[in-house]
Amino acid sequence: MKYETVIGLEVHVELATDSKIFCSCSAGSYGTEPNMHVCPACCGMPGMLPVVNKRVIDFGMKAGMMLNCHINRTTTFDKKNYYYPDLPSAFQTTQWFAPIAVKGLVEIKTSTGKKGIRIKQIHMEEDAGKLVHDIREDTTHIDFNRTSVPLIEIVSEPDLSSAEEVEAYLDRLKTLLRYARVAECEMAHGTMRCDVNLSVRPEGSNVLGVRSEMKNMNSIEAIKRAIDYETFRHIDAIENGTEELVQETRRWDDIKGMSFAMRTKETAGDYRYFPDPNVMPVVIDDKWYDGIKSSLPEFPEVRFERYTTELGLSEYDARRLTESIALCECFEAACKVTGNPKDCVNWITSEVMSILGVRGITYDQLKLDGNALGELIKLVSDSKVSRVNGRKILDAMFDDGTVSPAEYAASEGLIISTDTDLIDKVVAEVVAADPKSVADYKGGKEKALMALFGKCMRQLKGNCDPQVLRKALIAKINE
Amino acid sequence: MKLYISENPAAKSADISRRIAADDMILTSSLPTTAGSRMLKGYMSLFGAEVLTRLDNAGFTLAGKANVGEFAVDLLGETSYFGAVETDGKLSNAAAELLKAGEVSAVITLDVNGYPRRAAAQNGLISLKPTYGTVSRFGVIPAACSGDTVSIMANDTAAVSEIFAVIAGHDDKDGTSHPEAVCETAKTAAVPIKRIALPVNLTEGTNEDVKGKLAAFTASAEAAGIEVVKVESDIIAVSNIAWNILMSAEVCNNVSRYDGVKYGYRAENFSGIDELYTNSRTEAFGELIKSVIIFGSETLSADKYNKQYDKALRIRRLIVEAFAELFSEYDAVLLPACSALSYGEEIRADKYAVYTENRFTAPASITGLPAVVCGSVQLIGRAFSDGSLLAAAAKITESEGK
C-alpha cells in the first residue's frame, strides 16, 4: 500500500524587540554572559507585575499580517503552569484563549509546484531560560537571560506532506518574518525552533493516523532526517506490526539518527491554563491596526517582479537584492537619488556586499543609509570621485553612519581635480623625471605609458579623470 | 506571641502619628518579607512595595512587619509559621493588636481573603479595602491577583483617609492600576451615602453579637439621616463559593514559584529535581495553603476548568451585575464582616473554616468593590466611592457615640 505523510509544524520564533515582553531587560541576549540581562521580574521574584511591551504586540500583529492571518482585535494573555528549573515563576505567560492572529495562509513553492499551507494560529508568549549542565562537576546551572524574551508560536494545520515542503515552509516563514523585520529566524542561534507533528495514512485517505510530536528541532537538516525516520517508523509499525503507535512526544537524537519516546498523552502534564489577571486584555483599535498594516513591506516576489520589469534588472541581480529587505530598501533609496538602478545594483552587489563580507555583517543587519549611498554613486558616476576613492568613502560610511560622502570627499581631498594646470604640471614633472620610460614608450612599449600614468595618478592622489590624464600624458610625450 | 516578624528599631523615636506597620505580605528591601510562611523565612526582597515608597516620601516611618497568616488566606493569621496571635486565650490578629496597643497609627495589610476586615470587625477598628486598582500592587507578594488589594487598618476613619490619600494613585508598574484622575475621584466624598441596602439572607449564621452590631449600626445610620433597607440577594450570597475557586487557582499559581530552586526554603534531603520540589514544598508549606494548592490545581485541570473555574468567572460577572443593580437604588450595601466577634473552639478546630467564614468578605473581594469596616460591620460601595464610604462611616460612628 502507498502511504502519505501528514505533517503539522509548531514554529517558535524569537521576536527581535529590544526588550523583554514584560520587563525592560534587554532581549538580545544571544551569546552574552549568563544572567547579565535579568531583573526580579524575569527571575520570578514575588512582587513584580507584568507590564506588556507594546512592541511585542506590534511585532505579533505584523507577523500575523505577513502570514495572511485574521488579527484578533482583543487579544489576551494566559498563564500556563508547569515546573521546570528554567521557568522561574513556574508559569509561562502565553496566549491560550484569544491569540493575536488566527486563520492564515502561507504559499510555498517546491519541485512539484505551489501549495498553500494554512496557519491555525499565532500566539505570543515568553521564552524560558536555559539549563547549562556541567558534566565535570555534575551540577546544573540556570541562565535566565532568555526568560521572558518574546516569542511567537506559529501553529500550522497538518497541510505539509514531505521534508521538502517543510523546508520550503520554514524558508518562507523566515523570509516573510525577516522582511517584516520582526525576527531573525536563525535556527543556529535558537531564534527559530520547531516542533514536528507527524502521522502517516494510506494515500487518499482523509482520516488522520496516530500522531507523534518531536520537540525543539533546531536545524533544517535534522528536521529532514527526523521526518524521514519517523515516516519509516510509522509505516513499519502499520505494515509489519513492529510496535503499537501511540500519541506521544518524542525526542530526536540527531547523532543516533533515531527518535525516542519521551511521554505519552496519558503521562503528559496538564498545563492548567487560565487567564492572567495581571495583564489586561489588549484592545487593538483601528488607528493601531492601520498603522501596523501600512508599515508592512512589499512581499519579495512583488519586489522581484518590479525590479526585473520596471527597473530592468537581471533576474540574477533582482534575486540577490530581494534576499534581504535591508538590501532592497538601501537599493531603492539609492535609486531615487541616482535615477540609475543598474549603477546602484552594481554598487550593492559588488562594493557593499564585499564590505559586509569583510566585516561579518549579515544583509539584514545592513544599516547603510541608501540616500547617502546614492549620493556617493552619483559622485563617482559624475566623475567627481574616482571609483577607488569611492570605495574608501563607503568604508568610512560603514565606520560612521553620519558620514556625508560629499563632505567626506572634500575634507579628505578625494575630489577629482579639474584643474588642468595642476595636471599639466604633474605630467611635466613625471615625464621630465623618467626619460627612460618616455623613450621606451616612444620605442613602442605600451606598458611604459602605464608606468608613467601610475606615477602621475599617485601624485594626484587618484583625484583625476583617467581619460583626461591619459590625453595630457600622451600630448606631453609627443610634444 | 509574635506581633512583628521583623522590626525597625529606628522607628521607636518616630512620632506615633507617623509610625506605621505593614503586614508581612508587603515587600521591603530593608526588612525580610516572609508572607507568614516557612517558605520565605528570612527572604530579603531586592525592592520594596510602591505603597511603602509613597508613605516614606510622605514622612511615615515603617516600624515593622506585622505577623500574618500564610499568604494571608486564613481567618486572622492563625496559620502563620511564626505563630498565631492570641489575647486572653482568644484568637486575635497582629495588625489589630499593634493598633490597640498604640504601637502604630495604621497598618498596611493585604486583603486577599478578608482577614483585615475580620480583624477590624472583631476589634472595633476601621479597615478600608479600597477599590481594586486604586492602590498599586507593585511590591506586594501575589496571592490571588484578581482580588488582592492593599488595605488600611487604623483606629479611626481619619487615619485611614490620610493614608489612603497618600497611597492611592496610578502606578505604571502595575498593569491593573487605574488612571490618576480615576484614583483621585476615589479619594473624594463626591456622592454622599443616603440609602443603604442590607441583604438579610447574608446575615444568616451570624451570632447575636454580630446581629447586635448590625442593629446598632442601622440605628446610628438612621439617626444620621441615612436610610437602611432590607433586601435579598441570592447571587451575592454565593460569592465565596466562586471566590474560593478563583482564589485557590490564583494562589496555587502564584506560590508555584516557591520551589526550593532559586530562593526560600530548600529541603535538606532530596535526590533529583522532583524530590527537591516535593520535599521543599511539603516541608515549608502549612496545611491550609496546601489545601489551597490542591483545590486550585484541581479546579484549573483540563477536566474541571469549564465546570469550575470558567463557571466561577461567569458567576463573578453575575455578582458584579447584582451589585450594580443594588447600586441603582442604593448607595452602599451593609454586610457583616464575620459570623462572630471572636472565634470559639468550634471554628478554630476546623482548619478549613475560612472557606465558609469568608462568605462575608468574598463579595467585595470577587468584585473589587471598596469595603469599609466600621462599628464591627462592613459597608460596600460603588467602585471609586472609597472616600464617600469613609465619610459615611465617620458620620455614622460619630452619631453612635452620642
Side-chain angles (χ1 to χ4, degrees), chain A residues 21-24 35 38-54 76-93 96-97 129 131 133 138-144 147 265-266 268-282, chain B residues 25-27 33 35 40 43 45-50 132-133 136-148 171-177 246 249-250 252-264 273-274 276-278 281 296-305 309-310 313:
Chain A
I21 185 166
F22 297 122
C23 61
S24 54
N35 296 313
V38 296
C39 73
C42 54
C43 284
M45 290 176 178
M48 297 294 282
L49 293 163
V51 177
V52 183
N53 177 354
K54 189 172 166 287
T76 55
F77 286 90
D78 308 293
K79 291 184 175 192
K80 174 182 180 179
N81 293 282
Y82 66 94
Y83 289 91
Y84 204 63
D86 68 5
L87 189 68
S89 52
F91 63 83
Q92 179 193 31
T93 306
W96 182 250
F97 296 105
L131 295 185
H133 303 286
D138 191 26
T139 54
T140 300
H141 303 268
I142 315 175
D143 178 3
F144 289 133
T147 54
K265 195 184 171 194
E266 284 69 35
D270 182 334
Y271 290 122
R272 294 167 291 138
Y273 291 94
F274 75 104
D276 187 339
N278 287 320
V279 186
M280 295 290 98
V282 178
Chain B
M25 292 294 282
I26 315 290
L27 288 159
T33 306
L40 288 176
Y43 175 74
S45 176
L46 295 171
F47 58 97
E50 173 68 15
Y132 184 82
S136 172
R137 286 184 295 118
F138 178 85
V140 170
I141 292 198
C145 294
S146 73
D148 287 353
D171 181 9
D172 280 335
K173 300 184 291 302
D174 177 354
T176 60
S177 174
L246 301 179
E250 291 185 38
C252 167
N253 163 261
N254 275 316
V255 302
S256 294
R257 74 189 73 206
Y258 312 117
D259 55 8
V261 172
K262 306 164 292 280
Y263 49 79
I273 187 70
D274 287 342
L276 165 65
Y277 290 151
T278 310
R281 291 166 66 82
S297 204
E298 188 194 13
T299 204
L300 288 177
S301 69
D303 282 354
K304 300 281 168 65
Y305 185 88
Y309 191 84
D310 189 61
L313 286 177

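As a basis for the values below, the full set of heavy atoms in this structure was taken, side chains included, without hydrogen atoms, waters or symmetry mates. Here is how names work: the chains are called A, B, and so on, in the same order as the sequence lines, proteins then strands, and each is numbered from 1.
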Check your understanding: Measuring heavy-atom distances to chain B, does A:F97 have an atom under 4.5 Å in its side chain, in its backbone, in both, or in neither?
Key ->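 When you check distances to chain B, only side chain atoms of A:F97 fall under 4.5 Å.
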Exercise for review: Could you tell me which portion of A:C39 (side chain, backbone, both or neither) has an atom closer than 4.5 angstrom to a non-hydrogen atom of chain B?
Suggested key: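 It is neither, since no heavy atom gets under 4.5 Å.
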Point to revise | Derivation and outcome, side-chain contact (heavy atoms from CB on, under 4.5 Å), residues B:D172 and B:F138 | key: CA-CA 9 Å; B:D172 280 335; B:F138 178 85; over 6 Å; no
Report which part of [X] has an atom under 4.5 Å of a heavy atom belonging to chain A: side chain, backbone, both, or neither.
X      : result
B:L276 : neither
B:Y305 : side chain
B:V261 : side chain
B:K262 : side chain

Exercise for review: State, to 0.1 Å, how close B:D148 and B:A143 come at their nearest heavy-atom pair, and which atoms those are.
Suggested key: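 So the two residues come closest at OD2-N, 2.8 Å.
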Practice item. Identify which of B:F47, B:Y263, B:Y258, B:Y309 forms the greatest number of heavy-atom pairs closer than 4.5 Å to chain A. Key: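 Counting heavy-atom pairs under 4.5 Å, the top option is B:F47.
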Review point. Taking B:G48, B:A49, B:C145 one by one, which has the highest count of heavy-atom pairs under 4.5 Å against chain A?
Key: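 Counting heavy-atom pairs under 4.5 Å, the top option is B:C145.
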Practice item. Inspect the surroundings of OH in A:Y83 and state if more than 12 heavy atoms from other residues, nucleotides or ligands are less than 6.0 Å away. Key: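 Result for OH/A:Y83: enclosed.
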Could you go through residues 271-281 of chain A and list every donor-acceptor pair under 3.5 Å that involves a side-chain atom there, pairing it with any protein atom two or more places apart or in another chain?
{"from": "A:R272", "atom 1": "NH1", "to": "B:S297", "atom 2": "OG", "distance (Å)": "3.0"}
{"from": "A:D276", "atom 1": "OD1", "to": "A:N278", "atom 2": "N", "distance (Å)": "2.8"}
{"from": "A:N278", "atom 1": "OD1", "to": "B:R137", "atom 2": "NH1", "distance (Å)": "3.0"}
{"from": "A:N278", "atom 1": "OD1", "to": "B:R137", "atom 2": "NH2", "distance (Å)": "2.7"}

